[in-house]
Engineer: 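Supplied in structure tokens, the structure appears directly below.
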Amino acid sequence: MTYHLKNVIDDLIIDNNERKALYCEFYAIDQRELEEDKVVAEYVENHHQILDALIAGYKEMGPLNKKICDELVGCECETEFEKKR
């Protein structure tokens, strides 16, 4: 996954502002805090690759997860139908 991580992230995130917003949401911090607090900014900078990897992983697994859900939704509906009988 890591060999093409940058391309996946670049495809997923339009610009640095959106990337910042995602980091702030993930770390539950205000964007002003990221800009004003050097300690917070350094932490996010030092750990941003972890979040980038998570984003890339979710994006990469999305089609497979959708396929699995599409296949299993029928089973779930059948089970619910059987319970109601």
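The basis for the numbers below is simple: all heavy atoms, side chains too, and nothing from hydrogens, waters or symmetry mates. Index from 1, following the sequence.
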Engineer: Between R19 and L51, is there a side-chain heavy-atom distance shorter than 4.5 Å?
Structural biologist: no
Engineer: To the closest 0.5 Å, what do you measure between CD (E45) and NZ (K38)?
Structural biologist: 14.0 Å
Engineer: Looking at residues at least two apart in the chain, or sitting in another chain, which of them share a ring pair (Phe, Tyr, Trp, His ring centres under 6.0 Å) with Y43?
Structural biologist: Y27, H47
Engineer: Quick one: CD on E35 to NZ on K20, what's the gap to the nearest 0.5 Å?
Structural biologist: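 Going from CD on E35 over to NZ on K20, the span is 4.5 Å.
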Engineer: Please report the closest heavy-atom contact between L34 and C24, naming both atoms and the distance.
Structural biologist: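 That closest heavy-atom pairing would be CD2-SG, 3.7 Å.
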Engineer: Distance from L54 atom CG to L22 atom CG, nearest 0.5 Å?
Structural biologist: 11.5 Å
Engineer: Which atom pair, heavy atoms only, marks the closest approach of Q31 to A21?
Structural biologist: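 Answer, listing the atom of Q31 first, then A21: NE2-N, 4.2 Å.
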Engineer: Please report the interatomic distance CZ(F26) to CD1(I50), rounded to the nearest 0.5 Å.
Structural biologist: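 Answer for the CZ-CD1 pair, F26 versus I50, is 8.0 Å.
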Engineer: Residues in side chain to side chain contact (heavy atoms under 4.5 Å, CB included) with E33, at least two apart?
Structural biologist: I29, D30, D37, V40
